[in-house]
Asks: 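Have a look at this one.
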There are 2 protein chains.
Amino acid sequence: MLYSIISIKSIDFWVFEMLSRKAKYGLLAMLALARRYGQGPVLIADLVTEEELPRKFLESILLELKKQGLLHSRRGRQGGYLLSRAPHLIFVGQIIRVLDGPLAPVSCVSQTAYRPCDECRDERRCGIRMVMQDVRDAMAAILDGRSLQDVVAMVAARERTDPGS
Amino acid sequence: MLYSIISIKSIDFWVFEMLSRKAKYGLLAMLALARRYGQGPVLIADLVTEEELPRKFLESILLELKKQGLLHSRRGRQGGYLLSRAPHLIFVGQIIRVLDGPLAPVSCVSQTAYRPCDECRDERRCGIRMVMQDVRDAMAAILDGRSLQDVVAMVAARERTDPGS
DNA sequence: TTAATCTCTATAAAGTCTATAGGAAATAAG
DNA sequence: CTTATTTCCTATAGACTTTATAGAGATTAA
């Protein structure tokens, strides 16, 4: 859970972000790699320039994605990063799970990292859990149903229907 | 974003919680008040005992819910808290928004607290945003579609179909 | 007047997020 | 086999959030 107070014209309000910067940067990089899939390794330096991301932070993010099997890499000259498989086989949900953890709003409804809540005394009769189970399932359906290829295609379609600035 | 490392049998893994303890405590208290709706004010002390919540923390939570119009209170003897309207008119999403902020996974898709992302250069062509818009809508549909009465009824139904310990 | 309650302000420990620094290891080219 | 390139690894740090607790103030009913 990440909060920040933004002050505009002396009005303070909360801004909530479920998705961390880490996950956003990771997704931006993965999408850039998806657009270049089949064209050989891409340098971190190029990703940093194109997507305007903090270099050192991105390095650690890509490393994590590599360790979890979503990326391959090569060191030295002609090195760089590439997707470990075709863009239609990598899903947004997989990337977010690697970088931000399980998709579940509470651990007791997680498929990938189940753990009972501390507060809960009778899980089967917990109303909060019943609602959050539905939320998790809905989120997972969307995030595990959108591949990098899908997202790239969505952006391309938008560009066609809404060109100009 | 709230993480904790849990160690069980020497295996460390991440546990992700989208819903803060604050929101959980608040929901538990609101559900308890929903079950007692129409029976006069309920003491903080009783909520603390029944739901096993930290008293001082709960005090500040209830105060916040009151200031946002979801609760009424009375001080002094015969005092306590009550729902400001009937349980079928208070929704889980309203409670979470008060305690944890907007439901949106990223601020640029929030209905109640829209703000462009720092990272985003062209919002209309942001693939992440397109996916997260769907996530927000799905979450909001669920959380704004479940009233306290609904949740209480779900738990009661579960109790009937699955009695015993 | 007193006891019971909610209300308010301040504070603090622990933990997370967002990076950055500096160098080690691997690879390709010449 | 040397050099330039590039990823990989470890350590560290500031800012911020979360989760509370303490202590006293304000209000109400009996």
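To find a chain, count down the sequence lines: A is the first, B the second, and so on, and within it residues start at 1.
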Asks: Does the protein touch nucleotides 25-30 of chain C at the base, only the backbone, or not at all? Give it as B, S and - per nucleotide, heavy atoms under 4.0 Å.
Replies: BBBSS-
Asks: Which whole-number value in Å describes the distance from B:Glu64 CD to C:dT9 P?
Replies: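 Rounded to whole Å, this separation is 13 Å.
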Asks: From OH of B:Tyr81 over to P of C:dT5, roughly how many Å is that when rounded to an integer?
Replies: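 Whole-Å distance recorded here is 14 Å.
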Asks: Atom CD1 of B:Ile61 and atom P of C:dT7: how far apart are they, to the nearest Å?
Replies: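 In whole Å, C:dT7 P and B:Ile61 CD1 are 14 Å from each other.
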Asks: Between atom CD in A:Gln68 and atom P in D:dC8, what is the gap in whole Å?
Replies: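 The distance from CD of A:Gln68 to P of D:dC8 comes to 14 Å, rounded to the nearest Å.
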Asks: Quick one: is C:dT18 close enough that its OP1 or OP2 comes under 4.0 Å of any side-chain N or O from A:Lys22?
Replies: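 No, outside the criterion.
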Asks: Quick one: CD1 on B:Ile61 to OG on B:Ser20, what's the gap to the nearest 0.5 Å?
Replies: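 The distance works out to 7.5 Å.
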Asks: When you measure from the side chain of A:Arg125 to the backbone N and O of B:Asp162, does any donor-acceptor pair fall under 3.5 Å?
Replies: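 Side chain of A:Arg125 to backbone of B:Asp162: a pair is present.
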Asks: Please compare A:Ala23 and A:Glu59 by the position of their nearest nucleotide in DNA chain C and report the one closer to 5'.
Replies: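 Nearer the 5' end of the strand: A:Ala23.
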Asks: Which heavy atom of B:Pro102 sits nearest a heavy atom of B:Ala113, and at what distance?
Replies: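 Closest approach of B:Pro102 to B:Ala113: CG-CB, 3.4 Å.
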Asks: Rounded to the nearest angstrom, tell me the gap between atom CZ in B:Arg21 and atom P in C:dA14.
Replies: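 For the pair B:Arg21 CZ and C:dA14 P, the rounded distance is 15 Å.
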Asks: Is A:Lys67 near enough to D:dC9 that one of its side-chain N or O atoms lies under 4.0 angstrom from OP1 or OP2?
Replies: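 Looking at the OP1 and OP2 atoms of D:dC9, one of them is under 4.0 Å from a side-chain N or O of A:Lys67.
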Asks: I need the minimum non-hydrogen distance between B:Ile128 and A:Lys24, along with the two atoms involved.
Replies: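 That would be CD1-O, 3.8 Å.
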Asks: Side-chain N or O of A:Tyr25 versus OP1/OP2 of C:dA19: is the shortest distance under 4.0 Å?
Replies: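 So the side chain of A:Tyr25 is within the cut-off, an N or O lying under 4.0 Å from OP1 or OP2 of C:dA19.
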Asks: Test your reading of the model: is there a side-chain donor-acceptor pair from B:Ser110 to the backbone of B:Ala104, 3.5 Å cut-off?
Replies: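 The answer is no, because no donor-acceptor pair under 3.5 Å joins these two groups.
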Asks: Okay, side chain of B:Arg35, backbone of B:Val152: is any donor-acceptor separation there less than 3.5 Å?
Replies: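 A pair under 3.5 Å: no.
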Asks: At a heavy-atom distance below 4.0 Å, what parts of residues 38-58 of chain A sit against DNA chain C?
Replies: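 Residues of residues 38-58 of chain A that come under 4.0 Å of DNA chain C are, in numerical order, A:Pro54, A:Lys56, A:Phe57.
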Asks: Distance check needed: C:dT5 P versus B:Leu62 CG, whole Å only.
Replies: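 The distance from CG of B:Leu62 to P of C:dT5 comes to 15 Å, rounded to the nearest Å.
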Asks: Could you tell me how far apart A:Leu63 (CG) and D:dT6 (C1') are, to the nearest whole angstrom?
Replies: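 The distance from CG of A:Leu63 to C1' of D:dT6 comes to 13 Å, rounded to the nearest Å.
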Asks: OP1 or OP2 of D:dC8 less than 4.0 angstrom from a side-chain nitrogen or oxygen of A:Ser73, does that happen here?
Replies: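 Yes, because at least one side-chain N or O of A:Ser73 sits under 4.0 Å from OP1 or OP2 of D:dC8.
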Asks: Does one side chain, of B:Asp150 or B:Ser147, offer a donor that lies under 3.5 Å from an acceptor on the other?
Replies: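 Indeed, the side chains of B:Asp150 and B:Ser147 share at least one donor-acceptor pair under 3.5 Å.
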Asks: Does a side-chain N-to-carboxylate-O contact under 4.0 Å join A:Lys56 and A:Glu59?
Replies: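 Yes, charged N to carboxylate O under 4.0 Å.
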Asks: Give a yes or no answer on whether the side chain of A:Arg36 reaches the backbone of A:Val42 with a donor-acceptor pair at less than 3.5 Å.
Replies: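 No; judged by distance alone, with no hydrogens or angles, the pair does not exist.
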Asks: Output the rounded distance in Å from CG (B:Leu82) to P (C:dC6).
Replies: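 It works out to 11 Å between those atoms.
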